[in-house]
Amino acid sequence: MTILVTGGAGYIGSHTTDRLIEQGTDVIVVDNLLTGHRAAINPKARFYEGDVRDRDFLEGVFTKEKIDGVVHFAANSLVGESMKDPLKYFDNNDYGFIVLLETMVKFDVKKLVFSSTAATYGEAKEIPITETTPQVPTNPYGESKLTMEKFAHWADVAHDLKWVALRYFNVAGAKSDGSIGEDHHPETHLIPIVLQVASGKREKLQIFGGDYATKDGTNVRDYVHVIDLADAHIEALNYLSEGNDSSAFNLGSANGFSNLEIVEAARKVTKQPIPYEIADRRPGDPSTLVASSEKAREVLGWKPNYDDMESIIATAWTWTQQHPNGYEK
Ligand SMILES: NC(=O)c1ccc[n+]([C@@H]2O[C@H](COP(=O)([O-])OP(=O)(O)OC[C@H]3O[C@@H](n4cnc5c(N)ncnc54)[C@H](O)[C@@H]3O)[C@@H](O)[C@H]2O)c1
Ligand SMILES: O=c1ccn([C@@H]2O[C@H](COP(=O)(O)OP(=O)(O)O[C@H]3O[C@H](CO)[C@@H](O)[C@H](O)[C@H]3O)[C@@H](O)[C@H]2O)c(=O)[nH]1
C-alpha cells in the first residue's frame, strides 16, 4: 500500500510517517516546510516539497505516484494565531483541503484520514466530550477544521470518498528514542515551553489565565501521546480498507490535566523548579477539553499505551535534552 502523508515533516506527521514505515507501508510525504523540518522525515519516505494548495504540484505528485490513500496533516493549527489572522486559517486549512479533495476525486483515490481537533467543540456543555457533543468552535482554527469535516461529508455523498476525521485532543511527547520530536518556531504549546523553562532556555512560564471555572483556575486539557496518535491513523486506514463508512473519532485519554498540574508533573520528571507566573487569559481558549475516546477504542480497536502524564512528558524531555535546538544543527 502506498500512502500520501501531507504535512509529514511536521510534529504529528513525522511520527505517523515513521510508524507507517516501521509497519512496512510505502510512504510519500508532501510538505511545504513552513513549520515542518526536512530532517524529521524518515529517509525511507519519498519527499515532495510543495504546497497542497498548488494544484499543479499536487496533481504532479498524484500522476507520478500510485496513491492508495491519504493521511492529511498539512494545516495551520494555533488557536491564538487564528484569533489574530483568521483568513490565513481558512485559506490554508479549508482551501488546501478543497484542492486535496478535488485531486483525490480526479485520481480516483477513495481513502482519506485527516486531522480534526478538540477545538471544533469549543466550550463544551458536557465533559467528557463525545463525538455527538455539539461542535461550536470558539476560535477560527476550530471553525476551519469543522468546515473540513463538512466538506469531507459532501465529498463522500457525491463522490463516495470515504474518510475518517480524527479529533485529537492535546498531543504531546516524542518517539521514545528521542530521534524525532516537537519543534515549532515560535513554540506556543504548553509542554515544550515548560520543558524549555526546565532546560534553562526560558526564564519562566506564563500561565494564561488563573480564574477559569476549573479545579485550580487554570485551563484543563486532555493529553495524548504522539505515538499512540500515530497508531490511530494506521488503525483508521485499516478501518477504511475494510470498507467501513466515513466517521469521526475523538482521540484523548479521558483524563483532564490543569496547566498547573502539567507544571507539577514536569517538575517531577525533570527535577527542575520551573518557575511560572499567572498571566492574562489567551483569547479563544476554552476552559476545559476532555475527551471520551470510547468510540475509537470500540470501533478502531485503538489502545493507547501511554496512560500517565509523567511518562508522556518523559519522552518529550528525552527529545529536548538530546536536541536542545530542535532540528537545527
Ligand atoms: N499538535 C496538536 O496538539 C494538535 C491537536 C489537534 C489537531 N492537530 C492537527 O494535527 C495536524 C498536525 O499538527 P502538528 O502539531 O504536527 O503541526 P505542524 O505545524 O508541526 O505540522 C504541520 C505540517 O504541515 C506543513 N504544511 C502546512 N501547510 C501546508 C501546505 N499548505 N502545504 C504543504 N504542507 C503544509 C507544515 O510545514 C508542517 O510540516 C494539523 O492539521 C493540526 O491542526 C494538532
Ligand atoms: O505558554 C503557554 C502556552 C500555553 N498555555 C496554556 O496551555 C494550555 C494548552 O495550550 P496549547 O499547548 O497551546 O494547546 P491548545 O491551545 O489547547 O491547542 C492544542 O490542542 C488542540 C486540541 O485540544 C489542537 O487543536 C491545537 O492544534 C493544539 O495547538 C492552554 O490552556 C494555554 O492557554 C499557557 O498557559 N502558557
Side-chain angles (χ1 to χ4, degrees), residues 5-16 29-38 40-41 48-54 57-58 71-82 88-89 91-93 95-97 99-100 114-121 129 137 139 141-142 144-145 148 165-172 182-194 196-197 202 204-210 212 214 218-224 226 229-230 233 250-252 257-260 262-263 276-291:
V5 177
T6 75
Y11 170 45
I12 305 169
S14 59
H15 285 80
T16 305
V29 167
V30 160
D31 200 297
N32 61 9
L33 299 182
L34 229 60
T35 58
H37 310 270
R38 190 183 282 260
I41 306 169
Y48 293 86
E49 184 174 345
D51 197 297
V52 293
R53 289 165 293 185
D54 180 344
F57 160 74
L58 202 59
V71 183
H72 177 55
F73 295 101
N76 292 113
S77 58
L78 304 178
V79 168
E81 183 190 58
S82 80
K88 170 176 175 177
Y89 278 71
D91 177 42
N92 198 21
N93 299 0
Y95 177 63
F97 196 52
V99 176
L100 175 67
F114 68 94
S115 316
S116 184
T117 168
T120 60
Y121 293 110
I129 296 168
N139 54 66
Y141 162 60
S144 74
K145 290 279 172 171
M148 286 170 63
L166 296 176
R167 297 179 189 151
Y168 324 148
F169 283 60
N170 289 52
V171 188
E182 185 166 11
D183 181 17
H184 294 118
H185 298 272
E187 189 52 77
T188 63
H189 293 102
L190 180 64
I191 290 178
I193 288 178
V194 165
Q196 285 177 357
V197 177
R202 273 180 205 243
K204 63 179 169 215
L205 169 74
Q206 287 199 314
I207 292 189
F208 301 138
Y212 286 95
T214 58
T218 65
N219 282 165
V220 170
R221 295 288 181 270
D222 179 344
Y223 292 83
V224 56
V226 66
L229 194 74
H233 293 75
N250 286 345
L251 298 177
F257 289 86
S258 75
N259 294 342
L260 284 174
I262 295 296
V263 174
Y276 69 83
E277 65 186 14
I278 301 290
D280 288 346
R281 288 181 175 202
R282 188 174 66 177
D285 274 345
S287 70
T288 301
L289 290 170
V290 178

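In listed order, ligands and their atoms are each counted from 1. No experiment lies behind these values; they were computed from the predicted model shown. We're numbering straight along the sequence, starting at 1.
Residue contacts with ligand 2 for Asp285 involve side-chain atoms from C-beta outward but no N, CA, C or O (heavy atoms, distance under 4.0 Å). Using a 4.0 Å cut-off between heavy atoms, Phe169 contacts ligand 1 through its backbone alone, with no side-chain atom that close. Contacts between Lys145 and ligand 1, counted as non-hydrogen atom pairs separated by less than 4.0 Å, involve the side chain only. By the criterion of a heavy-atom distance under 4.0 Å, the side chain of His184, and not its backbone, is placed next to ligand 1.
Taking atom 5 (N) of ligand 2 as the reference point, the nearest protein heavy-atom neighbour is Phe208 CD1, 3.7 Å. Here the heavy atom of the protein found nearest to atom 32 (C) of ligand 2 is Arg282 NH2, 3.5 Å. Closest to atom 10 (O) of ligand 1 among all protein heavy atoms lies Tyr168 CE1, 3.2 Å. Looking from atom 31 (O) of ligand 2 to the surrounding protein, the closest heavy atom is Asn219 OD1, 2.6 Å. The shortest contact between atom 12 (C) of ligand 1 and any protein heavy atom is with Phe73 O, 3.8 Å. With respect to atom 39 (O) of ligand 1, the closest heavy atom belonging to the protein is Asp31 OD2, 2.6 Å. Nearest protein heavy-atom neighbour of atom 12 (O) of ligand 2: Leu190 N, 2.8 Å. The closest protein non-hydrogen atom to atom 42 (C) of ligand 1 is Ser77 CB, 3.4 Å. The shortest contact between atom 21 (O) of ligand 1 and any protein heavy atom is with Gly10 CA, 3.4 Å. The protein atom (non-hydrogen) at minimum distance from atom 29 (O) of ligand 2 is His189 NE2, 2.8 Å. Considering only non-hydrogen protein atoms, atom 14 (O) of ligand 2 sits nearest to Asn170 ND2, 3.2 Å. Of the protein's non-hydrogen atoms, Ile12 CD1, 3.6 Å is the one closest to atom 44 (C) of ligand 1.
Of all atoms in ligand 1, listed by their number and element, those nearer than 4.0 Å to a heavy atom of Gly7 are 23 (C), 24 (O), 25 (C). Close approach of ligand 1 to Ser116 is summarised as follows: ligand atoms under 4.0 Å from at least one heavy atom of the residue are 6 (C), 7 (C). Within ligand 2, counting atoms from 1 as listed, the ones closer than 4.0 Å to a heavy atom of Tyr141 are 24 (C), 25 (O), 26 (C), 27 (O). Each of the following atoms of ligand 1 lies closer than 4.0 Å to a heavy atom of Ser115: 9 (C), 10 (O), 11 (C), 41 (O). Taking every heavy atom of Ala118 and a limit of under 4.0 angstrom, the matching atoms of ligand 2 come to 22 (C), 23 (O). Interface atoms of ligand 1 facing Leu33, defined by a heavy-atom separation under 4.0 Å, are 37 (O). Within ligand 1, counting atoms from 1 as listed, the ones closer than 4.0 Å to a heavy atom of Val171 are 2 (C), 3 (O), 4 (C), 5 (C). Atoms of ligand 2 found under 4.0 Å from any heavy atom of Ile193 (numbered from 1 in listed order, with element): 1 (O). Atoms of ligand 2 found under 4.0 Å from any heavy atom of Tyr168 (numbered from 1 in listed order, with element): 22 (C). Residue Gln206 approaches ligand 2 through these ligand atoms, each under 4.0 Å from one of its heavy atoms: 1 (O), 2 (C), 34 (C), 35 (O), 36 (N). Shown in contact with Phe169 at under 4.0 Å from a heavy atom are these atoms of ligand 2, numbered in order with element: 22 (C), 23 (O). Within the listing of ligand 1, atoms 6 (C), 7 (C), 8 (N), 9 (C), 42 (C), 43 (O) sit less than 4.0 angstrom from a heavy atom of Tyr141. Interface atoms of ligand 1 facing Gly36, defined by a heavy-atom separation under 4.0 Å, are 36 (C), 37 (O), 38 (C), 39 (O). The distance from ligand 1 to the heavy atoms of Leu34 drops below 4.0 Å at these ligand atoms: 37 (O).
Taking CG from Asp51 and CG from Leu34, the interatomic distance works out to 7.5 Å, rounded to the nearest 0.5 Å. Note that CG of Leu289 is 10.0 Å distant from OH of Tyr223, once rounded to the nearest 0.5 Å. Atom-to-atom distance recorded for Glu187:CD and Leu78:CG is 8.5 Å, nearest 0.5 angstrom.
Salt bridge present: Arg282 and Asp285 bring a charged side-chain N and a carboxylate O closer than 4.0 Å. With respect to Arg38 and Asp31, no salt bridge is recorded, no charged nitrogen being found less than 4.0 Å from a carboxylate O.
Residues Tyr121 and Asn250 bring a donor and an acceptor atom of their side chains to less than 3.5 Å of each other. Remark: the Ser115 side chain and the Tyr168 side chain contain an N/O donor-acceptor pair separated by less than 3.5 Å. Tyr89 and Glu81 share a side-chain donor-acceptor pair at under 3.5 Å. For the 3.5 Å distance criterion, the side chains of Asn93 and Ser144 qualify, holding a donor opposite an acceptor.
Judged by a 6.0 Å distance limit and a 45° cone about the ring axis, Arg221 is not positioned over the six-membered ring of Phe257.
The residue from Ala75, Ser115, Ser77 that puts a heavy atom closest to atom 27 (O) of ligand 2 is Ser77. Between the choices Val79, Asn259, Thr117, the shortest heavy-atom distance to atom 24 (C) of ligand 2 belongs to Thr117. Residue Thr188 holds the heavy atom nearest to atom 4 (C) of ligand 2 of all those in Ile207, Thr188, Thr214, Leu260.
Not a single heavy atom of Gly96 sits closer than 4.0 Å to an atom of ligand 1. Heavy atoms of Asp51 come nearer than 4.0 angstrom to ligand 1 in at least one pair. For Gly50, the heavy-atom gap to ligand 1 drops under 4.0 angstrom.
Tested against Leu166 for a side-chain contact (heavy atoms from CB on, under 4.5 Å), the candidates Leu229, Leu251, Val71, Ile12 yield a single pass: Leu251.
Where the criterion is an N or O separation shorter than 3.5 Å, residue side chain and backbone included, Leu289 fails it with respect to ligand 2. Below 3.5 Å of separation, one finds an N or O of Thr35 facing an N or O of ligand 1. Backbone and side-chain nitrogen or oxygen atoms of Asn92 are examined, and one is located within less than 3.5 angstrom of a nitrogen or oxygen of ligand 1. In terms of polar-atom proximity, defined here as any N/O pair under 3.5 Å, Ala74 makes no such contact with ligand 1. Checked against a 3.5 angstrom limit, the closest N/O atoms of Val52 and ligand 1 fall inside it. Considering both main-chain and side-chain atoms, Arg221 comes within under 3.5 Å of ligand 2 through a nitrogen or oxygen pair. Residue-to-ligand polar distances place Asn32 within reach of ligand 1: an N/O pair is separated by less than 3.5 Å. Residue contacts with ligand 1: Asn170 is placed with no nitrogen or oxygen under 3.5 Å of a nitrogen or oxygen of the ligand (distance criterion only).
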Chi angles and distances behind the side-chain contact (heavy atoms from CB on, under 4.5 Å) call for Thr35, Tyr11
CA-CA 9 Å; Thr35 58; Tyr11 170 45; over 6 Å; no
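Using cut-offs of 30° and 60° for the angle between ring planes, the His233 and Phe73 rings count as tilted. Classified by interplanar angle (parallel below 30°, tilted 30° to 60°, perpendicular above 60°), the ring pair His189/His184 is tilted.
Asn139 places a side-chain N or O within 3.5 Å of a backbone atom of Gly284 that can act as its donor or acceptor partner.
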